[in-house]
Amino acid sequence: MTYKQTTLWMAAFVSPRNDSTAHEQEKLAGCYNDMRERAGALVAKIAKDLPNLTIHDVTHLDALWEMASIASGNTLDLNPAEAFVFGGAVLLHDAAMTLAAFPGGVKELRQQTEWQDLHARYASVLSDQNAEAAKEAEDRATGDSLRLLHAKQAENLPSVSWMGPHKEPMFLIENQQVRNFYGPKIGKVSYSHWWPITKVEEELSGTLGALPGVSNCTVDLLKVSCLLRVADAMHLDQRRAPAFDFALVQPSGVSANHWTFQERMARPFIRGDALVYTAQPPFEADVADAWWTAFDALQMVDRELRDVDRLLRDRQKSPLAVRRIDGVQSPSDLARTVETVGWTPVDSTVRVSDVPNIVATLGGSKLYGGGPAAPVRELIQNGLDAITARRRLQGRPTKWGELMIRLREQEDGYWLSFEDNGVGMSQTVLTGPLIDFGNSFWRSSLALQEFPGLLSSGMKARGKYGIGFFSVFMLGDHVRVITRRYDRDAQSAKVLEFRHGLGSRPNLRHADPKDVPLDGGTRVEVRLKHVPTDPNGLLYRKQFYRESVTNLKDMIAAIAPACDVAINVFEGDELVGSTGAGDWLEVSTSVLLHRISGENSPPRQKWEKLAEMRDEEGRIYGRARINPALSLSQGLLTVDGLAASNVSMIAGVLIGTETTASRNSALPIVPAHVFSAWASEQAIAFGAATVPDEERARVAAIVCSFGGNVAELPVIRWQGEWMNRKRFTEAVQAEDELTLHVDIIGHEDDDPVTKREFEASFEVYDKVAQTAGGSSDYEWMTAITKGKGSTPVGVIEGLLESAWGVVDVDDDYVVVGEVNRSEIYRSVTVYKRGQDEEDEAENSI
């Protein structure tokens, strides 16, 4: 059957009508045929640019007339003007899936925001930055942007011109009068096949009047749009996947499954109000994946039919003849018509029967731990992402934006809220990715549509896993999200409210204008389960043997000590604390260390001040100093300014990248050469410090492990004193043997004395040397140095080789000292001055 033999074509352009003349029918039919010829040449290019797609040439376009005729049956009719708009939209709806649809070619496509966003996404994950990898990112962005943009570009195609051989502009609709009048609506209807049905209802419910001198008929845009979307969805048969084309193209993956199932599908037919699909031959077990692809595709067609039927009936328009797909309720039902052989399709898809429980488990304490810091950190992070996105979209200053955190006592309990002035959320995002567990909005295709240009602007979201919002239920069951898109008015603001935790269905409503974030953005409010200062409360702390109550400002400062967004903390209406955007590089050492550990100890000496870690180009990697104290560390690894994990041997902040989904563990990103240079500078600072020699020796051990130069710091205790490299080299020149114990000698369980006696009376023999403790092979440190750090033993051995030349090394177990005349034994390394080959030869003569 050709498109001219379909019932819709015949009724619109061939059979006599009461609402139009034969001349009108002939004129519009002629315009369509001319347009079809040119559009056919355009869609023929799709196979070159997107070879894995099933057939999208003019045979597919012609078949949509047939699909639309089946769907409409005898219940829906198109007049000539409606048929022309419908047919024009059919011709254009997929026509932009080729570079030929962009007169400027790939150069024009690359100017599109969508291409730039996709390229930024793909380029950012390629480890190799060579020409081949760069081309891979570009080609992938080109293919995906053609698919993403095709509907949007279809709207432009009626007005797009291509330069002909005689330098004349050529259009798809040749007749200028018809093009100018019907072209914009044809483009809009073409675009609409990609929209959600709600947008179709909002934007295409009107009627287009008659074009004088061409037609006396009006165009029902909603009817035409609905017919296009169901016809396009319905066309799933052999014409779209010819077997020989499959052999030539050799598609793979998901594309291969689409080709395989459609190659077997027959033309659908009507049974009652249902559309029936059949297939031959039956699907064997080795093409089961293709059968399941067919099942999913037919469920999509079913949704389209049901949505369109509801919309047409709600608008009191003539419905389609078909309302659903037969058999898609279950795999076993569909297998009666789309048959299988040698296997039985059973819907064994992984299910989560108790969604609230799995979300509470994976998005709550089992992932983050039992403390309140994790959900607070996640809510802060969401606000920071929203503000960063708005900075990028609007070209705001790098320190623009504010996050307000407020604890307020109300009649029904204590409420904690987080309010940002970021991008806010549309209803689609609020009711979609926000509450879709495991789906990160920032990494979804919806982000490209909601905020075009964001990715290509350099936006790198902190949120990656789509689970952070759900941690809020660790704090309380009553949660409200009030949001307003930054580019929409206050009337558009919405509230999503959970009244009884994850087990309850949320309510969506319009927000009261007085509750809406003033300048756009989002506020998340949660009623706390416990009074903040009570055990298990937000501010209650139980650490080892000590219990205490912190305050909100210190809690927030500890969670977010180094953010690039200002955070203001309120108790009621009173501002009680704030951190400035990026101020961790500017505030005093005591302020930053107070944020990290809560301690108040202003530096008294120069070495106590924190020093920046920067590379040659000025990039910052941290602000810290070596911490020789053996007490609890004041070092912190942060990810995007948020606390991730504590680190030993330093005080201050290192920038890191998370290693777990809960973001409570991280590794630093500082390059090894920057780290070692900073450590060497620390050695110089401590060399001039008035601190005990043993403490300076611990610093030397840490500097060694960091790959730095110990400068004048002591590296060994020998002959009753701590010696630096120069002093040790001088002292060892006169010796032929050195007994070295690695680390300071301490009490061991099998010693013949008690720990108290040992600590009170141990005397080390002068001949026994010791190094300082304080360094170890920590994961965070190894991530920087890649195991190439050194130790005081390595420094000492280098000095011995320099002083003695040849050094003989042996291990021994000897007396190293005594406690009240009780001998203390330890394992040691014994170094002896050796003889080189010339000395040995002389001695043998």
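The chain is numbered in sequence order, starting from 1. All values below come from the heavy atoms of this structure, side chains included, with hydrogens, waters and symmetry mates left out.
A heavy-atom distance below 4.5 Å is not found between the side chains of Y122 and E136.
A salt bridge between K152 and E114 is present, with a side-chain N of the basic residue lying under 4.0 Å from a carboxylate O of the acidic one. Between R336 and D333 there is a salt bridge, with a side-chain nitrogen of the basic residue lying less than 4.0 Å from a carboxylate oxygen of the acidic one. Between D309 and R313 there is a salt bridge, since at least one side-chain N of the basic residue sits less than 4.0 Å from a carboxylate O of the acidic one. Checked for salt-bridge contact, D57 and R239 miss the test: no charged N lies under 4.0 Å from a carboxylate O. With respect to R315 and E201, a salt bridge is recorded, a charged nitrogen being found less than 4.0 Å from a carboxylate O. Using a cutoff of 4.0 Å between basic side-chain nitrogens and carboxylate oxygens, R310 and D314 are scored as salt-bridged. A salt bridge does not link E174 to R179: none of the charged nitrogens lies less than 4.0 Å from a carboxylate oxygen. A salt bridge links D302 and R306; the closest N-O separation between the charged side-chain nitrogens and carboxylate oxygens is under 4.0 Å. Ion pairing of D144 with R147 is present here, as a side-chain N (NZ or NE/NH1/NH2) and a carboxylate O approach within less than 4.0 Å.
Counted within 6.0 Å of CD on E168, heavy atoms from surrounding residues, nucleotides or ligands total more than 12; the atom is thus considered enclosed. Sparse packing is recorded around CD of E26, with 12 or fewer heavy atoms of other residues, nucleotides or ligands lying under 6.0 Å away. Environment of NZ in K185: sparse, with no more than 12 heavy atoms of neighbouring residues, nucleotides or ligands closer than 6.0 Å. Around atom CD of E108, more than 12 heavy atoms belonging to other residues, nucleotides or ligands sit under 6.0 Å away. For E284, the CD atom counts as densely surrounded, since its 6.0 Å shell holds more than 12 non-hydrogen atoms of other residues, nucleotides or ligands.
Side-chain N/O atoms of Q262 and D237 include no donor and acceptor closer than 3.5 Å. For the residue pair N156 and Q153, a side-chain donor N or O sits within less than 3.5 Å of a side-chain acceptor on the partner.
Using modelled atom types, one side-chain atom of W259 and one backbone atom of N52 make a donor-acceptor pair closer than 3.5 Å. In this structure a side-chain-to-backbone donor-acceptor pair under 3.5 Å is missing from Q238 to A243. For R323 (side chain) and D273 (main-chain N/O), no donor-acceptor pair under 3.5 Å exists by modelled atom type. Judged purely by atom type and a 3.5 angstrom limit, T337 uses its side chain to pair as donor or acceptor with the backbone of Y277.
Aromatic rings from W194 and H93 are positioned such that their centres are separated by 6.0 Å or more. In this structure, F102 has its ring center at least 6.0 angstrom away from the ring center of W115.
Among the candidates Y3, F84, F86, the single residue satisfying the ring pair (Phe, Tyr, Trp, His ring centres under 6.0 Å) test with W9 is Y3.
For the pair K199 and Y191, the cation sits on the ring face: its NZ or CZ lies under 6.0 Å from the ring centre, inside 45° of the axis.
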